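Note that this is a predicted model, so its numbers are computed, not measured. Each chain gets a letter, A, B and so on, in the order its sequence line appears, and its residues count up from 1.
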Number of protein chains: 2
Amino acid sequence: MQQSYSKRMPPRRPGPGGAKGWWRGRFKGCGYRFTVPRQVILDTLNRTSKHLSAEDIYLAVHRTCPNIGLTTVYRTLELLVQMGLVFKFDFGDGRARYELSRETHPRGHCYLVCINCRRVINADDFREKETERIKQIEETIAKRYNFRVRNQITQFYGLCGKCSQERTEDE
Amino acid sequence: MQQSYSKRMPPRRPGPGGAKGWWRGRFKGCGYRFTVPRQVILDTLNRTSKHLSAEDIYLAVHRTCPNIGLTTVYRTLELLVQMGLVFKFDFGDGRARYELSRETHPRGHCYLVCINCRRVINADDFREKETERIKQIEETIAKRYNFRVRNQITQFYGLCGKCSQERTEDE
DNA sequence: TTGATAATGAAAACCATTTTCACTAAGCAT
DNA sequence: ATGCTTAGTGAAAATGGTTTTCATTATCAA
């Protein structure tokens with residue numbers, strides 16, 4: 001059923017039918033069916049720039065299609081990650097987060113995670129200026145470790161403004 | 001029982017009694033007891049540079065002190081993370097990894113995670129050359145997001161040499 | 001339209017981690 | 001040293017995100 005991760009990709013162009021058409025092509029190209037649940041889950045991810053948990057997605061999807069189960073959400077997400085359409089992250093709060101891989105921003109994410117209140121701040125905008133640098137680093141890594149970088153994530157753990165303030169009051 | 005994360009730290013010097021003495025001081029300073037399980041767990045982490053899971057630590061500890069339970073390992077690790085003595089990581093394989101925070105290397109870690117075979121390669125050596133850069137980035141983040149960076153982790157997800165090879169053979 | 005089978009959903013299983021609670025031992029006061 | 005207070009511990013149970021099972025459904029090539 002599940003195919004190997006390594007499949008040829010169709011060209012990265014929206015093609016006729018917009019994103020949906022492109023997704024369909026990707027699925028067909030990998031020998032998968034482009035089913036309703038898969039469409040709806042992709043749509044949900046496409047509609048936000050936030051990092052959603054499986055349950056977030058399930059709840060959002062559930063509003064339009066109450067018949068789609070949590071199991072399917074998990075299975076679809078796993079498949080999407082395998083296909084490289086979605087990135088999976090872990091901020092250490094015990095639940096994975098998912099984000100659609102968009103061509104518009106470089107593959108590389110930057111997050112600030114507050115170790116006190118668990119808030120996650122998306123700092124991708126900052127990261128964009130580093131694109132060149134990252135590319136260099138990826139090349140170095142590819143050479144030194146014989147490793148093909150597909151995605152990259154940088155997490156800064158520390159205290160957010162609010163929690164940092166509380167700390168100061170403590171002392 | 002558990003104190004707030006933000007406590008004053010004693011000077012970062014080994015002092016009399018080596019690492020053990022310093023740890024004891026840290027514990028006392030925070031109002032915690034420096035118990036046998038806590039010593040043994042710290043010793044275990046100190047003896048390796050690998051990123052161990054809670055179970056890894058439990059098994060290692062269990063050889064010398066079979067009476068130390070897994071629960072205590074979890075509780076101690078949580079405390080050590082809170083105290084800033086240990087870093088907790090997540091590579092997306094469903095179990096957390098722990099590493100002793102050493103003064104010798106900059107607070108900042110770099111890992112390559114193979115999305116196919118799940119192998120984790122430690123690339124800290126590479127990261128060391130970036131220290132200056134990272135410091136700059138931390139400063140920028142502190143200013144822009146009003147965020148106090150405490151630790152930083154960069155993960156490159158992709159295909160390791162072996163899996164990358166398999167992929168090529170596929171095509 | 002139809003048939004083969006990939007995909008789905010509900011329920012059960014899984015498993016890392018956390019909580020509960022009765023018991024133990026660290027370390028301060030005596 | 002000795003006893004006392006209470007932080008710390010361990011075993012077992014609970015939790016909760018994720019995965020597996022299996023009977024049913026829906027996709028799509030022919």
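Rounded to whole Å, atom P of C:dA7 lies 14 Å from atom CG of A:L42. A:Q82 places its CD atom 13 Å from the P atom of C:dA7, with the value rounded to the nearest Å. For B:K28 and D:dA7, the NZ to P distance is 15 Å, given to the nearest whole Å. Rounded to whole Å, the distance from CG on B:N67 to P on D:dG8 is 18 Å. The interatomic distance linking A:Q39 (CD) with C:dA7 (P) rounds to 14 Å, in whole Å. The nearest whole Å value for the distance from the CD1 atom in A:I68 to the P atom in C:dA10 is 11 Å. When the P atom of D:dT9 is taken as reference, atom CD1 of B:I41 falls 8 Å away, rounded to whole Å. As rounded to whole Å, 13 Å separates atom C1' of C:dA26 from atom CZ of B:F27.
Without hydrogens or angle criteria, B:T48 side chain to B:T44 main chain gives no donor-acceptor distance under 3.5 Å. In this structure, A:Q155 contributes its side chain and A:D90 its backbone to a donor-acceptor pair below 3.5 Å. Remark: side-chain polar atoms of B:D43 are not paired, donor with acceptor, to backbone N or O of B:V40 under 3.5 angstrom. At distances below 3.5 Å, at least one donor-acceptor pair connects side-chain atoms of B:R26 with backbone N or O atoms of B:M83.
Here the straight-line distance linking atom CG of A:L112 with atom CZ of B:F147 works out to 5.0 Å at 0.5 Å rounding. Rounded to the nearest 0.5 Å, atoms CD1 (B:I41) and CG (B:L52) are 11.5 Å apart. Between the CG atom in A:L45 and the CG atom in A:L100 there is a gap of 6.0 Å [rounded to 0.5 Å]. Atom OG1 of B:T76 is separated from atom CD1 of B:I57 by 9.5 Å, given to the nearest 0.5 angstrom.
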For nucleotides 21-27 of chain D, give me one character per nucleotide, 5' to 3': B if any protein heavy atom sits under 4.0 Å from the base, S if the only such contacts are to the sugar-phosphate, - if neither. B----BB
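Contacts of residues 56-64 of chain B with DNA chain D (heavy atom under 4.0 Å): none.
Relative ring orientation between A:W23 and A:F34 is described as tilted, the plane-to-plane angle lying within the 30° to 60° band.
Among the nucleotides D:dT9, C:dG27, C:dT8, the one closest to any side-chain atom of B:R24 is C:dG27.
For DNA chain D, the stems formed by at least three consecutive Watson-Crick or G-U pairs, with both atom-pair distances below 3.5 Å, span C:1-30 with D:1-30.
Nearest heavy-atom pair across B:C114 and B:C160 is SG-N, 3.5 Å.
Residue A:R97 places its CZ atom among more than 12 non-hydrogen atoms of other residues, nucleotides or ligands, all under 6.0 Å distant.
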Collect all protein-nucleotide pairs involving nucleotides 16-18 of chain D in which both atoms are nitrogen or oxygen and the distance is under 3.5 Å.
residue: D:dG17; atom: OP1; partner: A:R95; partner atom: NH2; Å: 2.4
residue: D:dG17; atom: O3'; partner: A:G94; partner atom: O; Å: 3.4
residue: D:dT18; atom: OP1; partner: A:A96; partner atom: N; Å: 2.8
residue: D:dT18; atom: OP2; partner: A:Y74; partner atom: OH; Å: 2.4
residue: D:dT18; atom: O5'; partner: A:Y74; partner atom: OH; Å: 3.3

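Evaluation of the side-chain hydrogen bond (donor to acceptor under 3.5 Å, both in side chains) test over residues 57-74 of chain A, restricted to residues two or more places apart or in two chains, returns none.
Every ring-ring contact (aromatic ring centres under 6.0 Å, His included) that A:Y111 has, sequence neighbours left out, goes to A:H51, A:F89, A:F91.
Here the side chains of B:H109 and B:T154 are not in contact, with every heavy-atom distance at 4.5 Å or above.
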